[in-house]
Amino acid sequence: MINFEFIYLLPCLISFIASIIGFFAFKRFAKTISIVSSVLCILSVIAGFWEPTVQNNYLYVDNLSKVFSLMISIVYLSVVIFSIEYINHIENKLIKVHQYFSLLNIFVSALFASVVLNNLGLIWVGIEATTFTSALLVSTQNDSIAVEAAYRYIIIVSVGLIISLIATLFIYSSEKTLSIFSLLQLHPTDSIFLLGSLLSIIGYGTKAGIFPMYTWLPDAHGKAPAPVSAIFSAVLLPVSLYPLIRIFEIFPNYYLSLFAFSLGFLSVATAAIIAGSQTIYKRLFA
Amino acid sequence: MQNNIFILVGFIQIILIVFMQWQSYISTTIKTFDLSSWILGIFLLAIGIINREPTLIILAILTILTRAIFIPRYLLKTIKKDIWRVRESKNPLGVSLSIIISICLALFSYGLYSIALSNSGSVLESIPITLMLQGAFLIISKSNAYNQLIGYLVMENSIFLFGYIFSGLPFIVEAGIVLDILGIVLVSSIIMRLRKENIDNEEELYG
């Protein structure tokens with residue numbers, strides 16, 4: 001019987017290969033390569049919808065992962081199509097056109113990997129990889145404010161993700177495994193796991209723009225090119241919350257829910273107050 | 001014995017970061033970070049050899065290659081191209097206050113450990129917590145981007161000490177972390193070289 005599990009890794013591999021080819025070999029065809037890659041990704045994700053769910057040493061793919069993969073692939077295709085003309089209208093670009101598309105492809109590759117892996121540590125690696133692959137995309141416009149926005153993005157998000165790495169260490173020390181499947185079987189209850197989960201909410205919440213470390217978000221969304229802002233809002237922020245969804249599945253705890261709800265409420269309240277005085281539309285929507 | 005060496009290494013790390021707090025010259029801060037990474041790398045290597053753990057030995061070598069050799073040299077090379085960045089132009093908190101706050105953070109970390117983590121393991125946990133908070137304080141208290149990046153790397157170093165206490169993460173995850181740190185440093189350096197230090201007053205970044 002043919003093993004179809006690899007189909008879930010195909011979008012990640014396709015976009016990664018597209019990035020390498022577009023960056024090193026066929027720079028002039030970077031746009032075409034990106035379109036082909038995004039179409040192949042969406043086809044492989046759709047093909048994966050009819051395959052059974054997978055739980056092995058490396059992959060944890062259920063219906064939630066499939067929905068996330070479909071969301072990433074649709075936004076990826078839309079962003080690539082929109083970028084083709086948009087990128088030509090940016091003057092004095094910080095990165096060249098082929099570099100823009102290569103970074104976009106590798107960024108999407110990290111996103112695809114993050115939603116199918118069966119290891120909270122590797123999911124952290126994937127989400128951290130999205131930070132440095134997308135930082136230069138934020139500063140594409142190459143003015144002082146765009147560069148400052150990219151700097152704030154990389155430093156604040158990296159510090160936030162260090163907190164989630166400590167959380168991962170706590171989780172590992174509690175149960176001696178980071179496998180999502182194994183953690184779901186173990187039903188952890190101890191206080192170290194709770195502490196790790198609370199720190200995860202702060203850490204991954206930073207990347208998702210949740211209170212209190214949300215300040216990078218209006219800067220980066222406001223100054224990034226429109227297609228990059230779109231992929232940030234539509235895909236990057238939800239994927240940053242993906243490990244938290246898994247942690248809530250593993251450890252459904254009242255205090256954890258209350259903490260997440262409080263931060264969510266404070267995020268909405270702060271955004272509502274700040275939005276009132278905002279005059280720049282992109283920052284207002286961010 | 002190993003725990004005593006860990007305490008010594010942790011204490012030296014804390015002293016080195018307090019030294020970083022009062023430095024104005026960025027190159028000295030980078031060299032101090034270099035020294036702290038060497039100490040950390042050699043400590044991990046020694047533990048790996050004593051306990052005969054090949055993964056720990058590989059990790060220690062990776063740590064030395066990236067944090068102690070590549071990253072400091074790369075940062076020193078990039079800073080030489082922007083000579084006006086070699087000195088912290090403004091230190092909002094002042095040297096004495098920074099050092100006092102650093103020492104207070106060490107005491108706070110021990111208090112935090114006593115309240116939240118004392119029944120989870122050994123007293124050693126307060127050392128990486130101290131380093132973590134001091135790294136975060138370095139980011140907050142300095143305005144120079146290089147100092148802030150060093151603060152981030154100090155926070156990252158504390159993860160390795162946490163890893164020692166909690167018997168480490170799986171090797172593939174640790175290797176992934178090292179690669180991510182390299183990526184962050186490379187991309188940050190590109191952005192830092194383009195960044196103006198006095199951009200805080202830009203109206204477009206308010207709110």
Side-chain angles (χ1 to χ4, degrees), chain A residues 94-95 119-122 124-129 131-136 138-139 142 144-159 161-163 165-166 168-170 172-174 176-179 190-192 195 215 218-219 222-223 274-280 283-284, chain B residues 116-117 119-121 125 128-129 132 135-136 139-140 145 148-149 151-163 165-188 190-200 202-207:
Chain A
L94 177 71
I95 47 177
N119 186 306
L120 288 173
L122 290 179
W124 182 89
V125 171
I127 290 178
E128 178 75 327
T131 307
F132 67 83
T133 50
S134 59
L136 288 173
V138 172
S139 57
N142 198 17
S144 58
I145 301 168
V147 171
E148 177 67 17
Y151 176 73
R152 288 184 185 185
Y153 166 57
I154 200 164
I155 203 84
I156 295 172
V157 169
S158 300
V159 169
L161 287 176
I162 285 284
I163 296 171
L165 183 57
I166 295 172
T168 310
L169 262 169
F170 280 136
Y172 184 70
S173 74
S174 164
K176 299 294 172 208
T177 179
L178 290 173
S179 156
D190 68 345
S191 58
I192 292 287
L195 185 64
T215 50
D219 297 342
K223 283 312 291 181
I274 294 172
S277 61
Q278 198 53 253
T279 53
I280 301 164
R283 287 178 70 84
L284 179 70
Chain B
L117 291 163
N119 57 355
S120 70
E125 282 166 16
I129 297 173
M132 172 73 58
I139 295 172
I140 296 164
Q148 291 177 338
L149 184 64
Y152 165 72
L153 291 168
V154 167
M155 288 180 83
E156 230 289 321
N157 272 356
S158 71
I159 298 286
F160 271 70
L161 293 180
F162 261 123
I165 297 167
F166 292 139
S167 65
L169 287 168
F171 177 72
I172 189 165
V173 179
E174 294 274 19
I177 292 166
V178 171
L179 288 176
D180 269 349
I181 300 306
L182 266 181
I184 292 282
V185 170
L186 290 172
V187 174
S188 301
I190 295 168
I191 293 170
M192 273 153 44
R193 286 202 59 212
L194 300 166
R195 180 181 177 247
K196 293 174 185 169
E197 296 287 337
N198 55 350
I199 198 155
D200 297 347
E202 285 288 350
E203 199 180 342
E204 212 174 315
L205 294 173
Y206 280 152

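Convention: sequence-line order gives letters A, B, ...; per-chain numbering from 1.
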| Test side-chain contact (heavy atoms from CB on, under 4.5 Å) applied to I162(A) and M132(B), step by step | CA-CA 9 Å; I162(A) 285 284; M132(B) 172 73 58; 3.9 Å; yes

| said: How long is the straight-line distance from OG1 of T215(A) back to CD1 of I156(A), given to the nearest 0.5 Å? | reply: 3.5 Å

| request: Examine the side chains of Y152(B) and S188(B) and answer whether a donor and an acceptor come within less than 3.5 Å of each other. | output: no

| chain B contact via I154(A) - side chain, backbone, both or neither, heavy atoms under 4.5 Å | side chain

| For the candidates V187(B), I184(B), I190(B), which exhibits the highest count of non-hydrogen atom pairs separated by less than 4.5 Å from chain A? | I184(B)

| query | Which value, rounded to the nearest 0.5 Å, describes the distance between L122(A) atom CG and I127(A) atom CD1? | reply | 11.5 Å

| field | I163(A) portion near chain B, given a 4.5 angstrom heavy-atom threshold | value | neither

| task | Please flag which part of L161(A) lies under 4.5 Å from any non-hydrogen atom of chain B: side chain, backbone, both or neither. | result | neither

| Part of N119(A) lying under 4.5 Å from any heavy atom of chain B | side chain

| remark: Heaviest contributor of heavy-atom pairs below 4.5 Å to chain B, chosen from L165(A), V159(A), T177(A), is L165(A)

| request: Please round to the nearest 0.5 Å and tell me the distance separating atom CD1 of I191(B) and atom CZ of F132(A). | output: 12.0 Å

